[in-house]
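Every chain is numbered from 1 and lettered A, B, ... according to where its sequence line falls, protein lines coming before strand lines. Any value given below was found using the heavy atoms of this structure, including those in side chains, with hydrogens, waters and symmetry copies removed.
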Number of protein chains: 2
Amino acid sequence: MEYDKYAYEPFAVTVDLAVLTVRDGALHVLLVERGQDPYAGHWALPGGFVEPDESAETAARRELAEETGLSDVTGLHLEQLRTYSEPDRDPRMRVVSVAFTALLPDAPEPHGGSDAADARWVECDTALPVAFDHDRILADARDRVGAQLEYTCLATAFCPPEFTLGELRQVYETVWGTELDRPNFRRKVLATPGFVEPVPGAARLTGGRGKPAALYRAGPATSLVPPLLRPSREGRPA
Amino acid sequence: MEYDKYAYEPFAVTVDLAVLTVRDGALHVLLVERGQDPYAGHWALPGGFVEPDESAETAARRELAEETGLSDVTGLHLEQLRTYSEPDRDPRMRVVSVAFTALLPDAPEPHGGSDAADARWVECDTALPVAFDHDRILADARDRVGAQLEYTCLATAFCPPEFTLGELRQVYETVWGTELDRPNFRRKVLATPGFVEPVPGAARLTGGRGKPAALYRAGPATSLVPPLLRPSREGRPA
DNA sequence: CGTGTTTATAGTCCAAGTGACCATTAAGGG
DNA sequence: CCCTTAATGGTCACTTGGACTATAAACACG
């Protein structure tokens, strides 16, 4: 490999974030409204340039803090998704973007941050024209997260620090778009060591309509073996 | 996002390839010997710059053809691994590298190609000092491939067009570093629709020492549900 | 030439896992 | 006060997968 920085057209390197959360039984993504061309007025994934002294991960966490307005993003799940490098993905210049997936427990309304005209949570299933190739990034992020729910304990990243098994089950049902049997889901989760841990004291009462549920915290486990397979689309009569 | 190509230090964008193959019951990786500083004389993963009109995927496939000397790399499994962007990963300048994993069936000896002093297959487990952060890239590639064998049909990418179930099993055993029960492996593979398909005619005779094995081809399936879990390191008495 | 080794293949047995249920408990809403 | 809702506890049958035995068909070696 020869290195001659003047022999090649310089690349701009950016990060794009697919910040996902579960709200009202639907998967939502954080989008910002672009204030300038190209795609002025379109919605787009939050993101920005990687600074000269940053890694892409550092830049992504900085952007996450800026765009969500959260004071503490250290505990949030942030993971590299993949890199998008098609030569024509940005009409102005050569931009290579490292995309990340971030999972948030609750959904605080974002303040239209730094360089974005507006920022808001948008339901993923609404057919919304988004800028650049961000629709593909978002689709890839949904695929990845859906697959990860099967064989990791990642679902707790969508939940607040203390949660009920019903809330955890709704995460699966929302991301997968299926219904799960309550008793079987409970048995599977509780049979997996380190997935969830009971909160010593209380049980939640005031909120829902049914019998109050016990509270759990996320456990130390990260992988889920054997996996929790989503109901197959096969074998269903037409 | 503001785009001003002069406001930021330019990034060089490269691709690095972890080209893996199974040979003699051991996982091998294609390494090239660097001819110049830094790391002159060290071994490194093959790779190179992304050209102005290329995507990272295109560049990776071009490099794969160049480095392996294979005339046809269209059928080979090439997959984006992740992007490495630590600011100090290259001592000379800011280089962001998109790493790929490639899986090869057999192991034709590479010709020391274009800009590499030498190229050869190296057993992955040999503790070899490699340049830059390529040891981490290689470790990530091994992790990824090992995990993918569990829940995808990717193992056939290590095999020639026609192969026996014993060869397929050796792929698993080599990548995972474990032994698998022959009858159980056979039952699992054959019970998965579309994983492998029998070759109409022949059965292999001349090669091995034991009873001749039937030949199979890779089937159309890509995902392996339920997965083929590797034997756990747990539950083993000390 | 026969015997032993090696590998492929067929089949058995049983424990764990899981889907499909049913039943009970404990809240809130009319 | 009854109905609805949701959590929780439990059963049962079927499937999966790990451990294991047995047979078949090649080669190596004396």
With a 4.0 Å cut-off, would you call B:D125 and B:R142 a salt bridge?
yes

Want to settle it: does A:L228 or B:R169 sit nearer the 5' end of DNA chain C, counting the closest nucleotide to each?
B:R169

Out of D:dT5, C:dA26, C:dG19, whichever nucleotide has its closest atom nearest the side chain of A:R209:
D:dT5

Heavy atoms from other residues, nucleotides or ligands near CZ of B:R62 exceed 12 (cutoff 6.0 Å)
yes

Take atom CD of A:E179 and atom P of D:dA6, then tell me their distance rounded to the nearest Å.
10 Å

Which label fits B:Y172 and B:W176: parallel for a plane angle under 30°, tilted from 30 to 60°, or perpendicular past 60°?
perpendicular

For the side chain of B:P183, starting at C-beta, report the closest nucleotide among C:dT7, C:dA10, C:dA20.
C:dA10

Using whole Å, what does the distance between atom C1' of nucleotide D:dT21 and atom CZ of B:R182 come to?
15 Å

Closest to the side chain of A:A214, out of C:dT9, D:dT8, D:dA25, is D:dT8

When the distance from CG of A:L224 to P of C:dG17 is rounded to whole Å, what number comes out?
12 Å

Hydrogens and angles aside, do B:Y84 and B:D16 bring a side-chain donor and acceptor to less than 3.5 Å of each other?
no

Rounded to the nearest angstrom, tell me the gap between atom OH in A:Y151 and atom C1' in C:dG17.
21 Å

Spacing between B:L229 atom CG and D:dT16 atom P, to the nearest angstrom:
14 Å

B:R187, nearest nucleotide to its side chain (from D:dC12, C:dA27, D:dA19)
D:dA19

Taking atom C1' of C:dG17 as reference, at what distance in whole Å does atom CD of A:E150 sit?
16 Å

Does C:dT18 have OP1 or OP2 sitting under 4.0 Å from an N or O in the side chain of A:K188?
yes

Find out whether A:R144 and A:L81 are in side-chain contact, i.e. whether some heavy atom of one side chain is under 4.5 Å from a heavy atom of the other.
yes

Return the value, rounded to whole Å, for the distance between atom CG of B:D181 and atom P of C:dA8.
12 Å

Rounding to a whole Å, what distance do you find between A:Q170:CD and D:dT5:C1'?
13 Å

Out of D:dG17, D:dG18, C:dA8, which has the shortest distance to the side chain of B:N184?
D:dG18

Nearest-neighbour nucleotide for the B:P226 side chain, D:dA26, D:dG17, C:dA27 considered
D:dG17

